[in-house]
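Throughout, a chain's letter reflects where its sequence line sits, starting with A, and its residues are numbered from 1.
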2 protein chains.
Amino acid sequence: MHTFVLNINMQKRITIKDIAFELNVHHSTVSRALRNDQRVKEETRELILNYAREHDYQTNMNALQLRGKTNNTIALIVPNINHNFFSDIVSKLTNLGYANGYVISVFQTNEKYQLEREIINTIIKYNFAGVIVSIAKDTLQCDHFALLKKYAIPLVFFDRICEDILTPKVKINNFEITAEITEYLIKKGYKKIVHLTGTTNINVFRDRQNGYESMIRNYEMEYKNSLQVSDDFTVEVGKDIFMKLWRQSPRPDAIISSSVHLTIGILVEARSLGVQIPKDLGIITFGRIVSSEIIEPQITFIDQQESEIAQLSFELLVKMIRHEIQLGESIEKIVRSQIIYKSSC
Amino acid sequence: MHTFVLNINMQKRITIKDIAFELNVHHSTVSRALRNDQRVKEETRELILNYAREHDYQTNMNALQLRGKTNNTIALIVPNINHNFFSDIVSKLTNLGYANGYVISVFQTNEKYQLEREIINTIIKYNFAGVIVSIAKDTLQCDHFALLKKYAIPLVFFDRICEDILTPKVKINNFEITAEITEYLIKKGYKKIVHLTGTTNINVFRDRQNGYESMIRNYEMEYKNSLQVSDDFTVEVGKDIFMKLWRQSPRPDAIISSSVHLTIGILVEARSLGVQIPKDLGIITFGRIVSSEIIEPQITFIDQQESEIAQLSFELLVKMIRHEIQLGESIEKIVRSQIIYKSSC
DNA sequence: ATATTTAATACAAACGTGTGCAAAGATAAA
DNA sequence: TTTATCTTTGCACACGTTTGTATTAAATAT
């Protein structure tokens, strides 16, 4: 015999059966009343609804889903939310979700493949209605996303994507825009342009590198330096990189930075060394610096159209959830990013 | 008669019963094998585990929870994640969760009471293991949190809290630190100090206002101006406020700002008007500006110890989940924030 | 009056899992 | 051989819902 000690706070949650018992009806009647089935008499419906309201009845989603009902929860997976690119998208998506009756649940991988995998498993286990993902830098293998498809959970990639998974994707024109700014710098007279980017395992950074290199080739520049930063994109890392670059010979005379945080690090050290921008060093960065207006000189940057990315991703996912788009379909939307010209080059 | 068209992609998820059927054992045996019950023969266990692995079996959490099992998902609710204060905490908590076997699911209220309510309902419906919350500015009523307690879901407040809900809370010393910086400004010779804060419905802003006012009273200053900003804390709003303040007579000679975004707005407009900092205007802000090091002059700010807030909140919640802290217990932890002295006053 | 339709409710099965208990099979002891 | 102990597996129910069908009660028609 086993004695069970009930925690004094432990409240059994009120169920449809409890209501049925109290009101002397069958629980199926309660269920129908709550779901506004016409088959239940006005009078009893009122009774049931009132009781439910008074006792704060909440549907048990676990039971509901077990019955095979779909739900309204969307998972959003991002590498991190410290960077404005992602936090802007999270914000926008939260609002879109709310306006359309979905609840957005945000997961952060911190750029870790392992955590990403675990999150995907959790999503499957809990049977989310859909997933919107931008993958971690660590992610070389995409099996876990294939798993999602196996379990028939709609999936949309944005920005950082897995090429080999057939599913809707939203990207920006990384190749073209990077080629464009590289050309812009060349035409401005810069000769030694460094391209600062992430691991080329990720489409975003690979495309940017290719865009940079293609233009360097076009203009037959003799200086070519596409630097892949494997560390996290932090201000500190930006400082380190700049110091190393500046000690090199020949020194670069322009930098294209893939990340705002790196850019800030560069600016800090440049200032401390008295490096003049844009005279000694030209700079263009992906993404807006929050305090851009009080930085002298203001930095030319690439507006990544976060809002549009969020909008498109959301629309695609909802269509998948509604079966208006098939599960294996591979739609690719390209968002055109824009150069915002300031005075840093 | 109703014909049912099965979506070609629609895969029934593999269950414990499927495995049982394929391997000619009872599903209870499969269940035991998967949970490493010693009662199942080594040989069959191997068979089952292999089959499960090969077919990517994932436990159905809905079924599991329906059986009354607890889970490992923690909900984190924040007003927004655009502000570094919150995004830092989200980051830290995600890592803590991961390290301790929990999955953190982040919800953003966008400062909206209604959305906050809905999120709480979702959390109850899905039966999360626990919740960590910083409330929205709109939130005047706290019934929804009482509901959480009713459903026996552990709850920890941090930073912005509901006073009347008895549950663990983690705050910073808003009153003391604001009093301290007010005194600091007074001693520096500033005579007309404006305090820029949020609605006093929220403890954080109320405490800060009280701290400011108490010190203004102590020193019998004749200028007193605690301004409650009801709009979102954005750079644009910061600009507007500064322009209004600067047109007033008498002009303020110092500003205490509750938000980094407001501060940036102020700095932008101050610069455009040629206002000298700290000579014409002193400034202190709550929270670090990401690009602080390249802003001239550097801004004195209050370090809110996000990391410690996250750590304490997490520990408290986990203790509640483990029943080491009772559900109604009202523990209050105060984190001591610190002034980081720079040259803006 | 009885037969027929309609409205309202009850019954039972199912979703996927875990678990106490019974049953069967195997091994050891008598 | 029988009996006792131990190991392994099967059975059945429960969790909270929904829903097709059966049942009852009420209303209408004959």
Side-chain angles (χ1 to χ4, degrees), chain A residues 1-4 10-49 51-52 55-72 124-127 151-152, chain B residues 1-4 10-49 51-52 55-72 124-127 151-152:
Chain A
M1 195 57 185
H2 186 269
T3 53
F4 180 69
M10 215 59 152
Q11 291 244 5
K12 197 179 85 65
R13 59 187 296 158
I14 183 174
T15 75
I16 230 167
K17 284 186 182 175
D18 296 332
I19 301 180
F21 179 79
E22 287 300 324
L23 266 46
N24 267 316
V25 291
H26 197 262
H27 69 270
S28 61
T29 307
V30 177
S31 171
R32 280 191 253 265
L34 290 171
R35 312 203 79 237
N36 279 324
D37 192 310
Q38 306 101 326
R39 292 200 297 170
V40 51
K41 187 161 57 166
E42 189 60 30
E43 189 189 329
T44 45
R45 192 216 312 290
E46 285 295 314
L47 219 62
I48 291 168
L49 290 182
Y51 190 95
H55 291 75
D56 297 307
Y57 168 78
Q58 298 277 351
T59 319
N60 183 331
M61 289 305 265
N62 295 308
L64 221 169
Q65 289 208 45
L66 200 54
R67 282 278 319 187
K69 294 290 164 193
T70 52
N71 61 46
N72 65 336
I124 293 173
K125 283 181 187 151
Y126 282 93
N127 209 23
Y151 279 93
Chain B
M1 195 55 188
H2 187 269
T3 54
F4 181 70
M10 215 59 153
Q11 292 244 6
K12 200 180 82 65
R13 58 187 298 159
I14 182 174
T15 74
I16 231 169
K17 283 186 183 175
D18 297 331
I19 300 178
F21 179 78
E22 288 300 325
L23 268 45
N24 268 316
V25 291
H26 197 263
H27 72 268
S28 61
T29 307
V30 177
S31 170
R32 281 190 259 264
L34 290 171
R35 312 204 78 237
N36 280 322
D37 192 310
Q38 307 101 326
R39 292 199 296 170
V40 52
K41 189 161 55 166
E42 188 61 27
E43 191 189 329
T44 46
R45 191 216 313 289
E46 285 294 315
L47 219 60
I48 292 169
L49 289 182
Y51 190 95
H55 291 74
D56 298 309
Y57 169 77
Q58 298 277 351
T59 318
N60 184 330
M61 288 306 264
N62 294 308
L64 221 170
Q65 289 207 44
L66 200 53
R67 280 277 321 189
K69 294 291 165 193
T70 52
N71 62 46
N72 65 334
I124 292 173
K125 283 181 186 150
Y126 282 93
N127 209 21
Y151 279 92

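- The phosphate of C:dT17 has neither OP1 nor OP2 within less than 4.0 Å of any side-chain N or O from B:R35.
- When the P atom of C:dC15 is taken as reference, atom CZ of B:F21 falls 14 Å away, rounded to whole Å.
- Counting heavy atoms from C-beta outward, B:R13 and B:D18 have side chains that stay 4.5 Å or more apart.
- A:I124 has its CD1 atom 16 Å from the C1' atom of C:dG16, to the nearest Å.
- Rounded to a whole Å, the CD atom of A:Q65 is 14 Å from the P atom of C:dT17.
- One interatomic measurement links the two molecules: CZ of B:R67 to P of C:dC15, which rounds to 17 Å at whole-angstrom precision.
- Between A:K69 and the phosphate of D:dT19, there is a side-chain N or O to OP1/OP2 separation shorter than 4.0 Å.
- Between A:D56 and A:I14 there is no side-chain heavy-atom pair separated by less than 4.5 Å.
- A donor-acceptor contact under 3.5 Å is formed by the side chain of B:R32 with the base of D:dG10.
- Across C:dA10, D:dT9, C:dC15, the shortest atom-to-atom separation from the side chain of A:L66 is found for C:dC15.
- As a whole-Å value, the separation of A:Q58 CD from D:dG16 P is 15 Å.
- The side chain of A:K41 sits closest to C:dA8 out of C:dA8, D:dT17, C:dA10.
- Atoms CD (B:E43) and P (D:dT8) sit 10 Å apart, rounded to a whole Å.
- When rounded to the nearest whole Å, the span between CD of B:E42 and C1' of C:dA26 equals 18 Å.
- Between A:Q65 and B:Y126, the closest side-chain pair of non-hydrogen atoms falls below 4.5 Å.
- When side chains are defined from C-beta on, A:V30 does not count as touching A:Y51, because their heavy atoms never get closer than 4.5 Å.
- Set against D:dG10, C:dG18, D:dT17, the side chain of B:H26 has D:dG10 as its closest nucleotide.
- Mapped onto DNA chain D by nearest heavy atom, B:T44 and A:T59 fall at different nucleotides, with B:T44 at the one closer to the 5' end.
- Separating the CG atom of B:L47 from the P atom of D:dT9 is a distance of 10 Å, rounded to the nearest angstrom.
- Across the interface with DNA chain D, nearest-nucleotide mapping of A:V30 and A:R39 shows A:V30 to be the residue nearer the 5′ end.
- Checking D:dG16, D:dT9, C:dT9 against the side-chain heavy atoms of A:V40 singles out C:dT9 as nearest.
- Among the nucleotides C:dT17, D:dA12, D:dT18, the one closest to the side chain of B:L64 is C:dT17.
- Proximity note for B:T29 (side chain, C-beta onward) versus D:dT9, D:dT19, C:dT17: the nearest is D:dT9.
- Nearest to the side-chain atoms of A:S28 among the listed nucleotides C:dA10, C:dG18, C:dG20 stands C:dA10.
- Using a distance-only test at 3.5 Å, with no hydrogens or angles considered, a donor-acceptor pair links the side chain of A:N71 to the main chain of A:N127.
- One finds no side-chain N or O of B:Y57 lying less than 4.0 angstrom from the OP1 or OP2 phosphate oxygen of C:dG16.
- Contact check, A:S31 against D:dT19: no side-chain N or O comes under 4.0 Å of OP1 or OP2.
- Remark: B:T29 OG1 to B:K41 NZ distance equals 11.0 Å, nearest 0.5 Å.
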